[in-house]
Amino acid sequence: MVNLKSPQEIEEMKKCGELSARVLRMAGEILRPGISTLEIDEFIERVIRMNGATPSFKGLYGFPGSACISVNDEVVHGIPKASTIIKEGDVVSIDTGATVDGWVGDNAWTFAVGPVSSRTKTLLEVTEASMWAGIEQAVPGNHLGDIGHAIQEVAESAKLGILREYTGHGVGRVMHEDPNVFNYGRKGSGMKLEVGMVLAIEPMLTEGTFKVKTMPDGWTVKTQDGKNAAHFEKTIAITKDGPLVLTQE
C-alpha cells in the first residue's frame, strides 16, 4: 500500500532530507586516498547524532554500518570496514540516511577520488543524468514506467548496464515503503503517480554487465564482471507543481 503524505508531512520531511543531503556532501568532502570506509562511516554517524537525529541504516535489517559505502565494482550495500582503504582512482558510492522526528531521508552519490578513466567519468556523469531524467517524470498523472523509461533511455544511450534486482522505493516513516521504482520500463505502464507520493529515485548503473553477485557477508553487491558501478539517489515528493527534491540543503 502506498502511503500518501499531506503537504504538512512533506514539509516535515524536509528536515530529514536536508540533514541527509548535508551529511552526504560532508562525507564526500573528507573522502581522500588513505582514509578507510569505517572512518567515513564513523564521521557520518557522528554528524547525524550531533544534529539530534539517528542514522537510518544503523541496524536496518541487521546492517552494521551507519552508511552503505561501496567501492569500484561494489554497486550497493558495502559494509564500512577499517581494512577497506580508499586509493587514488577509486570511485566510491556513499548512501546515507538520517531519521528526524520519525521521518527518513535517503540519498546517495558516487564520488571519484582523483583522476579516473574516461569510461568511468562517463559512468558517473550518465548515472547522475539518468537520475535527474527520472525525477523530471515524477509528476501527477504520469506512471512509474515513465520514470523507469527515462532512466533507461539515458543509461542505454551510453551503453551502461542497469541493475534489475535493486530498485528505488517509497520513503516515509520507514526506509522502504511501496512502491518499487524500477530503473527501466515502458512509458505509461505501472502505477499512476499521485500528489503526496514520496519516492527514492536511485539508478544503479555499471560499465559492463548488469549482472551482480552478493558477497559472503550477505550485504555487499558486486558486478559479476568486476567493472565499476555508480549509484545516485534523491528522495523526492510529488506535488501538484511537480517533483520536489527533499534531500537538498
Whether the Glu136 and Trp132 side chains hold a donor-acceptor pair (N or O, under 3.5 Å, no angle test) is what I'd like checked. no
Donor-acceptor check, side chain of Arg49 to backbone of Val47, threshold 3.5 angstrom: yes or no? no
Identify whether the distance between the nearest side-chain nitrogen and carboxylate oxygen of Arg46 and Glu42 falls below 4.0 Å. no
Working to the nearest 0.5 Å, report the span between NE2 of His143 and CD of Gln137. 12.0 Å
To the nearest 0.5 Å, how far apart are OG1 in Thr167 and CE in Met204? 6.5 Å
Under 4.5 Å side-chain linkage, directly or through intermediates, the cluster mates of Leu19: Val100
Between Glu156 and Tyr184, is any pair of side-chain heavy atoms under 4.5 Å apart? no
Hey, is the main chain of Val23 close enough, under 3.5 Å, to the side chain of Arg25 for a donor-acceptor pair? no
Separation of Ile86 CD1 from Phe111 CZ (nearest 0.5 Å): 11.5 Å
Between Thr247 and Thr235, do the side chains contain an N or O donor and an N or O acceptor separated by less than 3.5 Å? no
Please confirm whether the backbone N or O of Gly188 pairs with a side-chain atom of Asp146, one donor and one acceptor, at under 3.5 Å? yes
Side chains of Pro203 and Ile162, heavy atoms from C-beta outward: is any pair under 4.5 Å? no
pair Pro115-Glu88: side-chain heavy atoms closer than 4.5 Å: yes
Can you measure from OG1 (Thr110) to CD (Glu233) and round to the nearest 0.5 angstrom? 10.5 Å
Cluster link Val71 to Tyr166, ILVMFWY, side chain under 4.5 Å: no
Taking the side chain as C-beta and beyond, is there a heavy-atom pair between Lys234 and Trp109 under 4.5 Å? yes
For the pair Asn142 (side chain) and Val139 (backbone), establish whether a donor and an acceptor sit closer than 3.5 Å, ignoring hydrogens and angles. no
Measure from the side-chain N and O atoms of Asp106 to the backbone N and O of Gly97, and report whether any donor-acceptor pair falls under 3.5 Å. no
Between the side chain of Asn72 and the main-chain N/O of Asp90, is any donor-acceptor distance below 3.5 Å? no
So, for Ser70 and Gly78, which heavy atoms are closest and what is the spacing to 0.1 Å? OG-N, 3.1 Å
Hydrophobic clusters here meaning ILVMFWY residues chained together by side-chain heavy-atom distances under 4.5 Å, can you tell me if Ile94 and Val76 are in one? no
Can you see which heavy atom on Leu205 is nearest to which on Ser130, and at what distance? CD1-OG, 3.8 Å
Could you walk me through whether Asp101 and Glu12 pass side chain to side chain contact (heavy atoms under 4.5 Å, CB included), step by step? CA-CA 8 Å; Asp101 298 329; Glu12 291 172 5; over 6 Å; no
Decide if atom CZ of Arg119 counts as having more than 12 heavy atoms of other residues, nucleotides or ligands within a radius under 6.0 Å. yes
Do Val2 and Val195 belong together in a cluster built from hydrophobic side chains that touch within less than 4.5 Å? no
Pick from Thr37, Ile69, Ile35: which one makes a side chain to side chain contact (heavy atoms under 4.5 Å, CB included) with Thr84? Thr37
For a 4.5 angstrom cut-off between non-hydrogen side-chain atoms, does Met197 reach Met191? yes
So, does Ser66 use its side chain to make a donor-acceptor pair with the main chain of Glu45 at under 3.5 Å? no
Which heavy atom in Ala155 sits nearest to a heavy atom in Val126, and how many Å separate them? CA-CG1, 4.1 Å
Residues Thr127 and Phe232: closest non-hydrogen pair is CG2-CD1, 3.5 Å
Co-membership, hydrophobic cluster, residues Leu38 and Val92, 4.5 Å side-chain: no
Between the main-chain N or O of Glu202 and the side-chain N or O of Asn183, is there a donor-acceptor pair closer than 3.5 Å? yes
Heavy-atom pair of closest approach, residues Val75 and His231: O-CB, 4.1 Å
Spell out, yes or no, whether Leu144 and Leu163 are grouped together once hydrophobic residues are joined by side-chain heavy atoms under 4.5 Å, including indirect joins. no
With the side chain counted from C-beta on, respond yes when Val91 and Leu123 share a heavy-atom pair under 4.5 Å apart, and no when they do not. no
Would you find a donor on one side and an acceptor on the other, under 3.5 Å apart, between the side chain of Ser93 and the backbone of Ala230? no
If you compare all heavy atoms of Ala98 against all heavy atoms of Ser20, which two are closest, and at what distance to 0.1 Å? N-OG, 3.0 Å
Rounded distance [0.5 Å steps], NZ in Lys5 versus CZ in Arg173: 9.5 Å
Side chains of residues 220-229: which donor-acceptor partners sit under 3.5 Å, not counting sequence neighbours?
| from | atom 1 | to | atom 2 | distance (Å) |
| --- | --- | --- | --- | --- |
| Thr220 | OG1 | Asp217 | OD2 | 2.7 |
| Thr223 | OG1 | Gly226 | N | 3.3 |
| Thr223 | OG1 | Lys227 | N | 3.2 |
| Thr223 | OG1 | Lys227 | O | 2.8 |
| Gln224 | NE2 | Val212 | O | 3.2 |
| Asp225 | OD1 | Lys227 | N | 3.0 |
| Asp225 | OD2 | Thr209 | N | 2.9 |
| Asn228 | ND2 | Thr120 | OG1 | 3.2 |

Do the side chain of Lys87 and the main chain of Ile85 share a donor and acceptor less than 3.5 angstrom apart? no
Separation of Met26 CE from Glu249 CD (nearest 0.5 Å): 8.5 Å
Nonpolar side-chain network containing Val198, other nodes, edges under 4.5 Å: Ile10, Met13, Phe57, Leu60, Tyr61, Phe63, Ile79, Trp103, Val104, Val171, Met175, Trp219, Leu244, Leu246
